[in-house]
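All figures in this text were calculated on a predicted structure; none of them were measured in a lab.
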Amino acid sequence: MRLYINLIFTVLFISLNSVSVKAEMTLNELIFDDSKTFNLKLLDAIPEAGKIQIGSDNAKHTIIEFFDYFCGYCKKIHPELLDLVQSRNDVRVIFLHHPILNESSTVIAKIAIAANMQGKGFDFHDIIFSGSGSITSKKLTESIKESGINEIKLKIDIDKDETKNIIKLSSFLAGASGARGTPAIFINDKFYGGYISPEKIKELLK
């Protein structure tokens, strides 16, 4: 019943924001179609600009991480997830925005989505999480340049309603999934709140 109610509210939320964010999913598909598990329905509901992916679309296993750029455990798990994808061809990882820690989290999420609109989303995401120390304005500026992002287009896309609504939708779906913080992770169709070690992830993929 809880999942059913969450799905209803998700549909209502998508409908309210359909002017600038068009989810490619009908009410019937979201609630009654059993051909896909809930985690894969989440991916269908979120526009491409809101998803940062590494690994093949055809991978047998799908890991979804709701993250915040200021989350220490999100930073810790980032290279571990990349190593997992690079060491196996049956896994893909999809990073979804859930900026909840501070105002700057939302600002950087907007930059990442705008970068994704240029095909530079993963480059920016990886540079941000691979850097040492905390994120400063200087490091953020350097990360944008290093990612090869067109800064004029970036400024335009950051202010789009679509960008803001993708963040709202992604965070809403995180909450509907059961996330109470970050990281919040799906290993295939099973949800786990909090950090998971590489060893545990490999165990869960068996």
Using the side-chain contact (heavy atoms from CB on, under 4.5 Å) rule, take M117 and T163 through it: C-alpha gap first, then chi angles, then the decisive distance, then the call. CA-CA 10 Å; M117 292 175 180; T163 303; 3.5 Å; yes
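- Residues passing the salt bridge (charged side-chain N to carboxylate O under 4.0 Å, His left out) test with K153, sequence neighbours excluded: D157.
- Two residues are said to be in side-chain contact when any heavy atoms from C-beta on lie closer than 4.5 Å; S130 and P79 fail this criterion.
- A donor and an acceptor atom, one from each side chain of H61 and N188, are located under 3.5 Å apart.
- Across L173, N39, V93, I185, a single residue satisfies side-chain contact (heavy atoms from CB on, under 4.5 Å) together with I64, and that is N39.
- Of the possible polar contacts, one joining the S87 side chain to the L84 backbone as a donor-acceptor pair under 3.5 Å is found.
- Taking CD1 from I113 and NZ from K160, the interatomic distance works out to 12.0 Å, rounded to the nearest 0.5 Å.
- For the pair L169/P47, a side-chain contact is recorded, criterion being any heavy-atom separation below 4.5 Å from C-beta on.
- Side-chain contact annotation: T62 with R92, donor-acceptor N/O pair under 3.5 Å present.
- In the hydrophobic clustering of ILVMFWY residues, with side-chain heavy atoms under 4.5 Å counting as a link, I100 and L96 come out apart.
- Considering every non-hydrogen atom in both K120 and I149, the closest pair reads CB-CG1, 3.9 Å.
- With hydrogens and angles ignored, the 3.5 Å screen pairs no side-chain donor or acceptor of S177 with any backbone N or O of A179.
- Scored by the salt bridge (charged side-chain N to carboxylate O under 4.0 Å, His left out) test, D90 finds R88 as partners (sequence neighbours excluded).
- Atom CD1 in I63 sits 13.0 Å away from atom CZ in F186 (nearest 0.5 Å).
- F38 contributes atom CZ, which lies 11.5 Å from atom CG of D189 (distance to the nearest 0.5 angstrom).
- Transitive grouping of hydrophobic side chains (ILVMFWY, heavy atoms separated by less than 4.5 Å) keeps I127 and I158 in distinct clusters.
- Residue F66 comes nearest to A174 through the heavy atom pair CD2-CB, 3.5 Å, listed as atom of the first residue, atom of the second, then distance.
- Closest heavy-atom contact between A109 and I167: CB-CD1, 3.8 Å.
- Panel note: side chain D68, backbone L101; a donor-acceptor pair is recorded below 3.5 Å.
- Rounding to the nearest 0.5 Å places OH of Y69 at 12.0 Å from OG1 of T106.
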Step-by-step ring-ring contact (aromatic ring centres under 6.0 Å, His included) determination, H97 to F67: CA-CA 6 Å; H97 297 281; F67 73 95; 5.1 Å; yes
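- The two residues K75 and I128 come nearest to each other via the heavy atoms NZ-O, 4.1 Å.
- Side-chain N or O atoms of S170 include none that pairs as donor or acceptor with a backbone N or O of I166 at under 3.5 Å.
- In this structure, S105 OG and I135 CD1 are separated by 8.0 Å, a value rounded to the nearest 0.5 Å.
- Under the 4.5 Å side-chain heavy-atom criterion for Ile, Leu, Val, Met, Phe, Trp and Tyr, L82 and F124 are members of the same hydrophobic cluster.
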Go through it in stages, so that I can follow the logic: the residues are I54 and L81, the test is side-chain contact (heavy atoms from CB on, under 4.5 Å), and I'd like the CA-CA distance, side-chain angles, deciding distance and then a yes or no. CA-CA 9 Å; I54 180 171; L81 291 175; over 6 Å; no
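- Taking K190 as the reference, Y192 meet the side-chain contact (heavy atoms from CB on, under 4.5 Å) condition, with sequence neighbours excluded.
- Under the 4.5 Å side-chain heavy-atom criterion for Ile, Leu, Val, Met, Phe, Trp and Tyr, L140 and F95 are members of the same hydrophobic cluster.
- Between F122 and H78, the ring planes are tilted. Angles from 30° to 60° get that label.
- Heavy-atom minimum distance, A114 versus L154: CB-CD1, 3.5 Å.
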Before you tell me yes or no, could you show the steps for I187 and L205 under side-chain contact (heavy atoms from CB on, under 4.5 Å), namely the whole-Å CA-CA distance, both residues' side-chain angles and the distance that decides it to 0.1 Å? CA-CA 7 Å; I187 308 292; L205 290 174; 3.8 Å; yes
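- The main-chain N or O of I46 is found under 3.5 Å from a side-chain atom of K51 such that the two form a donor-acceptor pair.
- The salt bridge (charged side-chain N to carboxylate O under 4.0 Å, His left out) test applied to E203 returns K200, not counting sequence neighbours.
- Here the closest non-hydrogen pair linking F129 and C74 is CZ-CB, 3.8 Å.
- Residues L42 and I52 fall into different hydrophobic clusters, defined by Ile, Leu, Val, Met, Phe, Trp and Tyr side chains chained together at heavy-atom separations under 4.5 Å.
- Residues satisfying the salt bridge (charged side-chain N to carboxylate O under 4.0 Å, His left out) test with E103, not counting sequence neighbours, are none.
- Rounding to the nearest 0.5 Å places NZ of K36 at 3.5 Å from CG of D44.
- The side-chain hydrogen bond (donor to acceptor under 3.5 Å, both in side chains) pairs that include a residue from residues 133-150 are K145-E151, where partners are two or more places apart or lie in different chains.
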